Visitor: 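Have a look at this one before I ask anything.
Please read these numbers as outputs of a predicted model, since none were measured by experiment. Order of the sequence lines fixes the chain letters, A, B, ..., with proteins taken first and strands second; residue numbering starts at 1 for each chain.
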Amino acid sequence: MPEDRTDAELLLASRAEPAAFVELYRRHAEDLLRFFARRTLDPEAAAELTAETFAEAFASRARYEDTGAGGVAWIYGIAKHRLGRYFRAGTVEATARKRLGMPVRALEAEDYERIEELVDLAPVREALAEALEGLAEDQREALRLRVIDGLSYAEVARRLSCGEVAARQRVSRGLRRLGLVLQERGLTLAAEVE
Amino acid sequence: MDSTIPYLQRLEADLELVAKDAAAGRSSPRGPKAPRWRRPTSRSWKAWTGAAAALLVLAWGIGSFSPAEEKFNQVGSAVSGGEADLADPAAAPAPADVPAGLAYEPWTRNGVDASVEDLGGATASPAAGVDIAKIDRDGSLTLKLEEGEFKRTFTEVILIADENGGMLLVSQTQGPDSGTLTLRIPAENFDRAFAAVSQLGAVRESSITGKDVTAQYLDLEAHLRIAKGRRAVLFGLYEQADTIPETLSIYNELEQVQLQIEGIEGDLRYLDAQTSISTLKVTMSEREPEPVAQQQDPDVENPSLARAWDRAVQGFLGVVAAVVVGLGYLVPVAILAAIGLSIFMLSRRLRRGAS
């Protein structure tokens with residue numbers, strides 16, 4: 001039987017009827033996974049972030065209040081918070097899953113393929129390659145060191161023989177340029193490296 | 001919308017399980033784990049109250065039976081109100097450090113009619129094991145004499161002290177028929193003298209106290225040995241000193257050590273004197289001693305609400321004191337148990353998390 005309750009109603013109902021939360025999950029799991037995959041470009045991190053976001057939403061559902069913004073907005077609020085923590089720490093936490101007793105599952109070969117299909121990374125890759133070509137040499141190198149190699153700004157500055165402020169500016173400008181190129185093509189890529 | 005991504009399907013199955021757990025008995029939306037603290041139900045109140053009561057009873061039990069003092073051999077006095085007490089050997093105090101078969105045996109066996117001569121060889125010197133210990137013992141006896149016997153008995157007590165190597169320290173008479181004597185008796189003859197004096201009349205009250213000072217004695221001996229060793233070392237340094245300041249400094253040290261040695265030797269001499277000579281106080285009278293007030297129960301003789309209240313307060317305070325003492329024993333054990341339990345729970349949680 002199709003569920004005709006709104007997201008907010010499902011979240012409110014899940015306090016007394018936890019199974020209602022599963023319906024909410026079915027509605028938004030793929031979208032959320034796509035959201036994470038496009039921002040992290042990492043299927044593993046995206047899957048883990050999806051799992052952790054839903055686990056935290058389930059554990060915190062009693063705190064949800066229907067303010068008119070819709071239930072899914074509340075879940076995406078949690079998702080953005082989790083994503084920020086991921087970019088800062090470089091790893092996905094599993095605290096909510098552990099609290100609920102949920103296992104931390106690994107991706108299988110098929111999962112990688114399916115997530116890449118879901119996100120449709122081909123145009124993203126193409127746009128990125130083009131955008132990278134269009135970047136100045138110092139910005140491209142700064143992005144490579146900071147984003148791909150994961151070095152600290154101090155180390156990036158040392159490698160590029162410049163000050164730390166200059167290194168930050170190069171990375172920031174490079175990301176902004178990449179974001180603009182992707183936006184022009186109707187794609188999104190969060191520049192949440194800070 | 002059902003997902004075609006296997007990971008999301010597995011995640012959905014996990015969430016369904018969690019939702020089922022939450023629906024089945026765990027009303028808290030915090031997840032399947034039971035909350036750390038639940039509002040106590042009437043049943044858990046009963047359990048907690050019962051546990052607290054059991055703990056208090058246990059503490060009271062421990063507090064009541066815990067040792068109250070460290071005295072080694074305190075022998076309580078037996079107050080006798082009549083002849084019947086003498087017929088009962090259990091009523092007479094027997095010091096724990098007196099070897100079996102010594103002076104108390106003829107006294108309890110023969111009763112008041114046994115003569116001093118009957119003691120014979122039974123009052124041999126204490127066993128070798130007792131010689132090792134340093135025990136300070138004192139005793140007291142209260143005798144009821146037959147009419148006209150006071151003067152003769154008075155002399156006999158002095159003779160008994162003399163026969164046992166002791167002496168009369170103090171004597172005091174109250175009229176022609178009663179008096180008190182304080183004797184100093186060598187410790188090895190104390191039991192024999194005590195038994196002999198107790199045969200001179202009907203014993204109305206007797207007591208022997210003993211205090212073990214062996215540990216104190218051995219401690220002092222050890223300090224003495226150390227101090228003497230230090231003195232020898234200082235003498236050696238004193239002879240090797242080249243300068244006046246060195247000589248003076250070592251001399252001062254030597255003086256201090258010498259004073260310390262003399263102090264310890266004085267303490268040892270005092271303990272020797274205390275343990276080698278015992279005091280025996282003998283109170284004799286041809287009249288019956290005044291009845292002891294404690295033998296009457298004032299609450300029975302003269303009922304009084306005020307006295308009953310006082311006794312109730314004392315009893316209550318006694319129980320509280322016993323509980324406090326018992327908690328002193330239990331609390332450290334409880335803290336250790338709590339720490340152990342916490343470590344166990346933590347390790348179990350970590351294992352679960354790892355799995």
Visitor: For Y7(B) versus A51(A), what's the shortest heavy-atom pair and its separation?
Guide: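 Where Y7(B) meets A51(A) most closely, the heavy atoms are OH-CB, 3.6 Å.
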Visitor: Is any side-chain heavy atom of P6(B) less than 4.5 Å from a side-chain heavy atom of R114(A)?
Guide: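 Yes, close enough: below the 4.5 Å cut-off.
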Visitor: Over all heavy atoms of both residues, which pair between P18(A) and A22(B) is shortest? Give the atoms and the distance, please.
Guide: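 Answer, listing the atom of P18(A) first, then A22(B): CG-CB, 3.7 Å.
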Visitor: Is any side-chain heavy atom of D111(A) less than 4.5 Å from a side-chain heavy atom of R10(B)?
Guide: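 In contact.
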Visitor: From L118(A) CG over to T4(B) OG1, what is the distance, rounded to the nearest 0.5 angstrom?
Guide: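 These two atoms lie 8.0 Å from each other.
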Visitor: More than 12 heavy atoms of other residues, nucleotides or ligands under 6.0 Å from CH2 of W74(A): yes or no?
Guide: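 More than 12 heavy atoms, drawn from other residues, nucleotides or ligands, come within 6.0 Å of this atom.
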Visitor: If you count the non-hydrogen atoms of other residues, nucleotides and ligands that lie under 6.0 Å from CG in L317(B), is the total more than 12?
Guide: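 Enclosed: over 12 neighbouring heavy atoms sit under 6.0 Å from CG of L317(B).
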Visitor: Can you confirm whether Y251(B) is buried at OH, in the sense that more than 12 heavy atoms of other residues, nucleotides or ligands lie under 6.0 Å from that atom?
Guide: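 Counting neighbours around OH of Y251(B), 12 or fewer heavy atoms of other residues, nucleotides or ligands fall under 6.0 Å, so no.
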Visitor: Output the distance between atom CD (E12(B)) and atom CZ (F54(A)), rounded to the nearest 0.5 Å.
Guide: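 One finds 10.0 Å between CD of E12(B) and CZ of F54(A).
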Visitor: Would the number of heavy atoms belonging to other residues, nucleotides or ligands and lying under 6.0 Å from CZ of R82(A) be above 12?
Guide: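 Atom CZ in R82(A) is packed in, count exceeds 12.
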Visitor: Quick one: CZ on R26(A) to CG on L15(B), what's the gap to the nearest 0.5 Å?
Guide: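 Rounded to the nearest 0.5 Å, the CZ-CG separation comes to 10.0 Å.
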Visitor: State whether the number of non-hydrogen atoms from other residues, nucleotides or ligands found under 6.0 Å of I244(B) atom CD1 is greater than 12.
Guide: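 No, CD1 of I244(B) has 12 or fewer neighbouring heavy atoms, counting only those of other groups under 6.0 Å.
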Visitor: With a 4.5 angstrom heavy-atom cut-off, could you sort out which part of E108(A) is near chain B: side chain, backbone, both or neither?
Guide: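 Contact with chain B is through both the backbone and side chain of E108(A).
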Visitor: May I ask you to say whether R105(A) pairs ionically with D14(B), meaning some side-chain N is under 4.0 Å from a carboxylate O?
Guide: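 Result for this pair is yes, salt bridge flagged.
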Visitor: Measure the CE-CG distance between M102(A) and L11(B) for me, rounded to the nearest 0.5 Å.
Guide: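 One gets 5.0 Å once the value is rounded to the nearest 0.5 Å.
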Visitor: Are Y25(A) and L8(B) packed together at the side-chain level, in the sense that at least one heavy-atom pair is separated by less than 4.5 angstrom?
Guide: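 The answer is yes; the side chains approach within 4.5 Å.
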Visitor: Which bit of A106(A) comes within less than 4.5 Å of chain B, counting heavy atoms only: side chain, backbone, both or neither?
Guide: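 It is the backbone, since no side chain atom gets that close.
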